[in-house]
Structure formats: structure tokens, C-alpha cells
Amino acid sequence: MIDFPLLSLMTFLPLAGALLLLAVRGNEEAVARNARYTALYASLLTLALAVFMLVKFDSSSADFQFVENSAWLRPLGINYHLGVDGISLFFVLLSAFLTPVCILSAWTAIGTRVREFMAAFLILETFMIGTFCALDSVLFYVFFEGVLLPMFLIIGIWGGKRRVYSAYKFFLYTLAGSVLMLLALLFLYAQTGTTDIPTLMAHPVAENIQIWLWLAFFASFAVKMPMWPVHTWLPDAHVEAPTAGSVILAGVLLKMGGYGFLRFSLPMFPDASLYFQPLMYGLSIIAIIYTSLVALVQTDMKKLIAYSSVAHMGFVTLGIFTITTQGIEGSIFQMLSHGLISGALFLCVGVVYDRLHTREIARYGGIVENMPRYATLFMIFMLGSVGLPGTSGFVGEFLTLLGAFQVNTGIAALAATGVVLGAAYMLLLYRRVIFGPRENADALAMPDLNGRELFLLVLLAAPVLYLGVFPSSVMSRISPAAERLLNHVREHGAPAPASERAAP
Amino acid sequence: MISFNLIPLLPEIYLSLAAMGLLLLGVFRGNESSSVISWACVMAAGIAALLLLWMPPERMIVLDGMITMDRFSVFMKYLVLAGVAAAIILSIEYMEREKAARFEYPVLVLLAGAGMMIMLSASNLLAVYMGLELQSLSLYVLTAFRRDSVHAAEAGLKYFILGALSSGMLLFGISLIYGFTGSIDFGLIHSSLSKFAEIPAGAIVGLVFILAGTAFKISAAPFHMWTPDVYQGAPTAVTALLAMAPKVAAIGLLMRLLLGPFEPAAFQWQQIIWFLSAASMITGAFAAMMQSDIKRLMAYSSIGHMGYALIGLAAFSQAGAGAVCLYMLIYVIMGAGAFAVILCLRRDGRSCQRIEDLSGLSRTHPLLAYAMAILMFSMAGIPPLAGFFGKLAIFQSAMTAGLYGLAILGVLTSVVAAYYYLRIVKVMFFEEPTVASLDRGMPLARGLILILCLVFVTGFILAPSSIMATAQNAAAALFPE
């Protein structure tokens with residue numbers, strides 16, 4: 001196919017950019033300006049590579065592509081093994097797409113320590129892309145955990161009032177979950193003698209061991225996802241993080257949990273995944289309904305969107321663990337769509353926050369008059385989040401619900417209430433901020449989107465609408481890998497096909 | 001009949017002679033020459049390292065079984081020498097600033113280093129004791145080096161009394177072992193212990209006493225009480241030394257004892273090490289949270305690190321021993337870097353050591369703050385830094401050996417420990433400078449050490465294989481087959 005290490009290049013190009021930032025000299029203003037441009041160019045170059053990867057990707061194959069494999073921790077037999085398949089392809093693309101968006105969104109919003117901010121974002125991008133490309137579980141862990149470092153600093157340095165508390169909570173919650181995964185990885189290594197993901201996927205271990213390992217991985221991914229009841233770090237982190245931090249957190253970091261379930265839990269522990277299906281249904285349903293209700297009463301815009309993220313992630317876990325074609329493909333699609341939509345929603349909040357420096361819903365109202373463009377774009381993302389047909393949000397939610405219906409009508413019905421609740425809180429938010437009483441004079445004096453903001457939001461709106469109309473462009477690439485995953489689970493797990501399990 | 005081959009002892013002999021020669025020089029030249037003597041001591045450590053390089057790789061047992069030289073002792077001695085040299089280099093400028101520069105200081109460090117090297121290649125309990133005492137006595141004096149400081153005198157006294165107690169316990173244990181096995185030679189103890197169908201209770205009591213004595217030296221809980229006080233009271237340069245080289249020597253000694261002569265009693269000592277490890281990790285993690293003094297924090301941090309290192313020993317496998325070697329290597333380097341930063345904490349010409357003194361460091365001294373943050377994240381074991389790979393190797397050996405409880409405890413305490421390492425990062429990065437800025441200026445040599453440590457900590461991920469393989473090779477020497 002191609003004869004150069006595309007994935008390594010893509011992974012470490014942002015890091016090289018971050019190192020380059022250290023060399024920037026001059027007075028503070030010049031440093032800030034140069035840092036912004038360096039970071040932007042580095043991330044755009046990475047995006048170009050990602051697009052190149054998408055073009056070269058063979059959508060008919062379910063195998064890992066662009067594979068790189070070389071010795072790394074030789075005494076332990078752990079390799080530097082990279083590759084992408086249909087499941088990881090779009091997550092890589094999403095990371096590469098959202099990073100320049102974040103850098104642009106922070107263009108003027110971040111005024112202090114610009115160089116450090118940009119460097120942190122580029123390092124974060126390296127870890128994110130690495131996480132989705134890694135095909136060795138220790139390498140995966142290195143990237144997966146490494147994400148904590150830049151994110152901790154991003155929340156802690158450039159965050160809001162309670163940033164220290166939130167940064168700690170984010171770091172320690174995620175770390176506590178992940179260290180158990182590390183032990184599970186090492187246990188697998190002790191049992192099988194390898195940490196190579198494709199090898200481990202092909203040879204699941206005995207069922208009684210799977211249960212424990214599944215739980216250890218669950219601890220890590222459930223926190224990252226985040227699932228109810230370990231979701232409490234997310235609203236705090238979202239609220240306190242700077243806009244760009246929230247965008248990347250909602251857009252990419254949450255997807256690592258879902259990706260982990262698809263890459264590790266399902267293929268490596270198929271029996272345990274089937275065994276824990278009821279647990280996952282239960283937690284997903286609670287996440288969907290409970291956090292939607294919580295979102296309804298929020299007075300803080302960012303918090304509301306954060307809770308809505310937890311609810312949407314509930315659909316994802318539900319879809320994954322239906323273990324049906326529609327469920328799995330739908331959940332991958334839902335993650336991509338949520339990455340775009342929630343990222344965009346946080347950008348929308350950032351736009352008004354930059355003007356009025358408050359996230360209180362009650363401080364806004366009636367701004368449709370003075371910010372018509374903003375109102376239009378906000379509406380697109382709001383409706384995307386609600387799952388209106390024609391937006392990408394619809395496809396993901398519909399498919400996961402379809403998957404759920406095949407398995408159990410009751411669960412699907414409960415999940416469907418989440419769609420209604422989702423519409424309720426999003427429309428409420430939109431009504432109160434955009435329409436509502438025209439009481440706050442300062443809110444009514446806000447200028448409409450400037451060129452940069454408009455560009456960013458249109459940039460995000462385009463794929464939301466495109467994917468809503470032509471989901472097959474993504475689905476065709478996801479399908480082979482998802483299908484193989486499904487066959488693998490059915491082969492190794494309990495033999496009951498989905499249709500027989502369907503409820504009367 | 002007695003083979004009088006001194007070649008394996010050459011580095012120690014050279015080091016002792018150099019120390020004495022430099023002591024003489026100092027006596028004639030006075031305290032003005034202390035920095036010259038310090039550099040000469042660093043050079044002596046370097047030459048001793050070169051002598052180690054020259055040693056033949058195969059095992060040599062000389063002086064009627066008193067001394068064993070193998071790849072393990074060479075590896076650990078490199079670490080000791082690196083620790084000693086780093087401690088001397090870090091001390092030079094500090095001692096001058098504190099107006100405590102005396103020529104005895106580097107000489108004593110060198111003598112302590114010689115003692116540690118003897119500990120590492122001793123294969124007879126008498127040689128163990130000699131090395132241990134040479135090390136300990138030098139360290140007692142170094143701790144109380146600032147005679148006019150109440151804190152230092154208190155720390156020195158505390159260290160001496162508790163240290164003497166632990167040496168007494170060790171000696172008592174040695175006599176019990178002698179009584180029950182009829183020998184103090186490692187090989188003979190091993191063969192007579194293996195003959196027992198069941199290890200006699202007296203020998204086990206002896207083993208326990210020996211373990212208690214060495215646990216004191218590595219400051220493993222519950223024998224850790226002296227550590228925070230001594231770390232806090234001693235001059236910072238001495239704390240830096242205490243945190244590096246003696247730990248390596250004592251862990252090395254413990255490994256050689258337990259995997260050598262007491263290998264037949266593995267079932268018994270594994271439980272003790274299990275407990276020491278668990279207690280150390282818990283103490284290190286929870287007690288450190290309340291500290292406001294950075295040196296006390298480092299003391300608890302080192303207690304915790306020793307707990308992790310002991311997991312590898314409790315695994316009782318070659319992979320475990322290799323993991324301990326790797327862990328100690330990374331630990332020494334992180335410690336050298338961290339103390340290079342701590343030594344910079346100085347305001348208006350006076351040294352300060354409270355954690356609040358670091359507040360807003362990222363504004364006033366950004367490079368120093370980033371260096372410290374990287375070291376702290378590495379100590380917390382966050383990838384992709386070197387500290388993670390030490391923990392990875394340790395936990396890997398634990399999972400292979402089936403020590404699930406200890407491994408789970410280890411990862412959970414590492415999360416708790418991350419809290420206080422993060423606290424330092426928080427103070428430096430998330431808080432505005434509240435107190436007056438620290439003094440500027442970093443001595444060249446200290447800066448160089450810091451840069452080397454940072455390069456290692458961040459670059460380890462790029463080429464971990466050869467370092468890991470070296471550590472594994474060193475550990476393999478402890479398992480002669």
C-alpha cells in the first residue's frame with residue numbers, strides 16, 4: 001500500500017510540533033503569535049495525513065491496515081505495534097480533526113501562557129492518536145494514561161474557579177480506573193505470554209478468568225466513558241475546563257472508553273461480555289434516564305451539556321453490548337457524531353462565554369435578535385444532539401435503538417424515553433438562551449459570530465449534516481471490522497443468535 | 001590454601017585509599033580546599049567505576065568466601081557510585097552557601113560509598129556487618145554535619161540511636177543464624193539450611209532479626225520512623241545522599257541475603273517481605289498526604305518506593321529481581337533530579353523547604369517548574385515517563401508470581417501517592433506566586449545533573465530494551481544454575 005510509517009508519523013508529528021514550540025523565542029506577544037501558528041500548522045499537517053489515511057484505507061478489508069511492528073521492550077517481548085481498522089479509523093480522524101478546531105477556538109480565548117497551552121494540546125493529540133492506533137496493550141496503556149498529563153494541566157492552569165478540584169478529580173478518577181486495567185493486562189501477559197492485541201483477540205482466555213479481567217477493564221473504560229455511577233468527574237471537569245479543553249474532552253477523550261470496550265472487552269472476553277450484558281443494559285438505561293433528568297434541572301450551560309454527554313454515552317454502551325450489527329455500528333457512529341456535536345455545543349457555549357463570562361442560562365435570553373447566525377448554527381447542533389433525522393445524531397441513536405429492539409423491547413422502550421428527555425432538555429436550553437425573555441441588556445448587546453467563530457462552527461456543522469444524509473460513507477468502512485468483531489464474539493461466546501434472544 | 005586475590009576488591013580498596021589520601025590533603029590544606037577535594041572525590045568515584053568496568057564478567061568468590069563479585073554487585077555498585085558522585089556534586093555549592101563547606105564532607109561520603117560497595121559484594125555475614133557499619137557510621141556523622149544546627153544534631157542523634165539499635169538486631173540475628181547453622185558463610189548457611197526438613201524456629205527468629213535490621217536501612221515500614229525526621233533535619237545535600245545510595249546498597253544486600261543463603265527459607269521470608277512491602281506502600285501513600293515539608297514528603301515517598309521495590313523481591317523470581325534492579329536504577333535517577341531541584345529552593349540566601357515555597361514556581365522559574373513536574377509525574381508512575389516502566393516491570397513480576405493481593409494494593413496506593421505528587425505540581429502550576437521569588441541562579445554542575453536526569457526520565461521510553469536487559473542480566477547472577 002504505502003511504504004512509509006504513516007501512523008507513526010501522524011502520532012508523533014504533533015509532538016515534534018510541541019518540541020518546536022519550545023524553540024520559539026522573542027517577546028511575549030511574538031511568542032504567543034508564533035506558538036499559535038506553529039500549533040495550527042502542526043495539527044493541520046496531521047489532519048492532512050489523516051485524510052490521506054482515509055483515502056488509502058481499504059474499506060473492503062476487516063484487517064488492520066498501515067501496520068507497523070518493531071521490537072520495543074525487548075526483554076518483555078513487547079512490541080511497538082500500530083495499525084488501524086474500521087473501528088479505530090474514524091476515531092483517529094476525529095482526533096486529528098478536532099485538534100485544529102480546538103487550537104483555532106483558543107486563538108484569542110487563551111491569553112496567558114499561550115505557548116504552554118498549544119504545546120499541551122499538541123502533546124495531547126499525540127497521545128490521543130496513539131491510543132487509537134496502538135495494537136499492543138502496553139503501548140495502548142502508555143498512550144491512554146499519558147492523556148492525563150496534558151489534560152490535567154489544561155484544566156488546572158487555564159480552567160475556571162474550581163479548576164484545581166476538577167483537575168484532581170479528573171486525574172485521580174481516571175487513574176484509579178486505569179491501574180486496574182494495567183494489572184489485568186499484566187495478568188493476561190502472565191497467562192498468555194503476549195501483550196499483542198490481535199493475538200489476544202484471537203485467543204480468548206478461560207471463562208472464569210474472563211469475568212475478573214472484564215471487570216478490571218470495565219473499571220477503566222467505565223470511568224473514561226463515563227458511565228453512571230462513576231460519571232461525577234465529568235460535569236466538574238467540563239465546567240471548569242477552558243472551552244478547547246471541554247471540546248476535546250467531550251469530542252475524543254470520552255470515546256476512548258467506548259473504543260476500549262470494542263477493542264478489548266468484546267473480543268478478548270466474549271463470554272464475560274455476554275455474562276455482563278444485563279449489567280451493562282441496566283447501567284446504560286440508568287445513565288440515559290437519570291442523567292437526562294439531571295440535565296433538565298441544570299442552570300449552567302456547560303453542566304447541562306456534560307450531563308447530556310453521559311446520557312448519549314449511555315446509548316453507546318447500550319449499543320455495544322446488544323452485540324448486534326446495528327448496535328455496534330450504531331454505537332461507533334453515535335460516538336463519532338457525538339464527538340462532533342458535543343464538541344460544537346461546547347464551542348457554542350464558549351462563544352457566548354467569551355462575551356459575557358458566565359455560563360448561567362438565566363443570564364442570557366432573546367439573543368436571537370442580535371446573534372442570528374449564532375442562533376442558526378446552535379440550532380443545528382441542538383437538533384443534532386436531540387437526534388433529528390437529517391443530522392448525524394439521528395443515525396447513531398436510531399441504530400443503537402434498533403439493536404436494542406432486537407434484543408429486548410423493554411430495554412429499547414426505556415432507552416427511547418431518553419430520546420424524549422433529550423429533546424426536552426436541549427429544547428429548553430435553546431429556548432431559554434436563544435429566545436426567552438429579553439431581560440439582560442448585556443446579553444442583548446453581544447455581537448454576532450466573528451469570522452473565525454463562524455468558520456469553526458460551519459466546519460463542524462458540515463459533517464454533522466453530511467453524515468446525517470450519507471451515513472453510508474462512514475458505515476461502509478466500519479462494517480467489515482464490526483461484522484468480524486460480531487462473528488468473533490458469537491463464535492467464542494454463548495451461541496444464541498440475536499433473533500432467538502429477542503423478547504416476545 | 002586461602003586464595004589471596006584482591007582484584008574484585010580493587011574499587012573498594014581504591015576508594016578507601018583515595019578517601020584517606022584526600023583526608024590527609026584536607027588536613028594540610030584546610031577548609032578552603034573543600035571544593036577541590038569534593039571534585040577529587042567525584043573523580044575517585046569515577047575511577048572506581050572504571051575499575052568496575054574492567055572487572056571480568058564471571059563470578060569470583062575470593063578471600064575464603066568473604067567477597068563475591070558478579071554482575072549483580074557490579075550493577076548495584078554502579079548505582080551506588082552514581083548516587084555518591086551525584087550527592088557530592090549536588091552538595092558543593094550548597095555547602096558553600098550554607099557556610100558549612102568542610103573538607104571532611106566529601107571524604108565521609110566516599111567512605112560511606114566504600115562501605116556500601118562492600119555490603120553489595122559481601123558473601124559472609126561478617127563482611128556484611130563491616131560494610132554496613134562503615135556506611136552507617138559515616139552517614140551518622142554526615143547527618144549531624146552541621147553541628148551548630150539543632151535540627152541536624154537531633155536528626156543525627158536519632159539516626160544514630162535507632163541505627164545502632166538496628167545494627168544490634170542485625171548482629172543478634174547473625175549470632176542466631178550462626179548458632180543454628182554453624183556458619184556465617186553464605187554458601188555454608190545455604191547448604192545447612194537446605195538440609196533441614198523444616199527450618200528450625202531459632203533460625204527463623206534469626207532471619208527475622210536480620211530482616212528487621214536491613215528493613216531499617218531501607219526504611220521499610222514499620223521500621224521507617226526515623227526517615228522523615230532524619231530527612232528533614234539533615235542538611236539537604238545529605239538528604240539527597242540518604243535518598244539515593246544507601247537505599248540501593250541495602251536493597252542489594254537484602255536481595256543477596258534472601259536469594260542467596262536464605263533461599264531455602266523462601267516460604268518464610270516471602271511472607272515477611274509481603275508484609276513489609278504492603279506496610280511501606282500504605283505508609284508511604286497515606287502519611288505523605290499530610291506533609292507540608294518537601295523533605296519529609298520525599299522521605300515518605302522513598303518509603304513508598306521501597307514498598308514497590310520489595311514487591312519484586314516478594315515475587316521470588318528472576319524477573320522480580322530484575323525488576324527491582326531496574327526500579328532502583330530509575331529511583332536513583334529520579335531522586336537525583338528531584339533533589340537537584342529541591343536544592344534550588346533558596347530565598348534571600350537562606351534555604352527553604354516548605355511546599356508552599358514552590359507556589360507559582362511556573363511563573364517565576366518556568367524551567368525549574370517543568371523539570372520538577374516531569375520528575376513528580378515520573379515518580380507517580382504516569383506513562384510515558386521512566387517511573388512507569390519501573391512499576392510496570394515490578395507489577396509484571398508480581399502478576400506472574402501470583403501476588404495478586406500485593407499488586408492490587410500496589411496500584412491502589414500508587415493512585416493515592418499520585419495525589420501528593422500532583423499536589424506539588426498543583427502548587428507550582430495552579431497557584432500564583434504568594435511568597436517572594438526564589439533566588440535565581442543554578443550552579444552549572446547541578447544543572448547538568450538535572451538535565452541528565454530529565455533526559456533519562458523522558459527518553460527512557462525510546463530505548464528501554466538495553467537498560468532492561470542489563471538489569472535482568474544483573475539479576476540473573478543471583479540465580480546460579
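In what follows, chains carry the letters A, B, and so on, assigned in the order in which the sequence lines appear, proteins first and then strands, with residues in each chain numbered from 1.
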Worksheet entry | Residue part contacting chain A, namely of B/Arg363, when any heavy atom lies under 4.5 Å |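 Side chain only.
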Worksheet item: Any side-chain heavy atom of A/Phe171 within less than 4.5 Å of one from B/Tyr419?
Response: no
Worksheet item: Would you say the side-chain atoms of B/Ser362 and A/Arg113 include a donor-acceptor pair closer than 3.5 Å?
Response: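 Yes.
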Where on [X] is there a heavy atom nearer than 4.5 Å to chain B: the side chain, the backbone, both, or neither?
X: A/Ala216; result: neither
X: A/Leu182; result: side chain
X: A/Tyr80; result: neither
X: A/Tyr189; result: side chain
X: A/Leu76; result: side chain

Discussion item. Which residue is it: A/Thr195, A/Ile78, A/Leu186, A/Leu185? I am looking for the one with a side chain to side chain contact (heavy atoms under 4.5 Å, CB included) to B/Gln396.
Written reply: A/Leu186
Worksheet item: Measuring from B/Phe430:CZ to A/Tyr165:OH, what's the distance to the nearest 0.5 Å?
Response: 15.0 Å
Discussion item. With rounding to the nearest 0.5 angstrom, report the CD1 to CH2 distance, B/Ile461 to A/Trp72.
Written reply: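 Here the rounded value is 4.5 Å.
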Fill in: side chain to side chain contact (heavy atoms under 4.5 Å, CB included) assessment of B/Met399 paired with A/Gln191
CA-CA 9 Å; B/Met399 292 311 269; A/Gln191 294 286 316; over 6 Å; no
Fill in: Minimum-distance pair of heavy atoms, taken over all atoms of A/Pro75 and B/Ala469
CG-N, 3.6 Å
Worksheet item: Is there a donor-acceptor pair closer than 3.5 Å between any side-chain N or O of A/Tyr168 and the backbone N or O of B/Lys426?
Response: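 Between the backbone of B/Lys426 and the side chain of A/Tyr168 there is no qualifying donor-acceptor contact (under 3.5 Å).
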Name every donor-acceptor pair, under 3.5 Å, that has one atom in a side chain of residues 374-395 of chain B and the other anywhere in the protein, sequence neighbours excluded.
from, atom 1, to, atom 2, distance (Å)
B/Ser378, OG, B/Gly387, N, 3.0
B/Lys391, NZ, B/Met379, O, 3.2

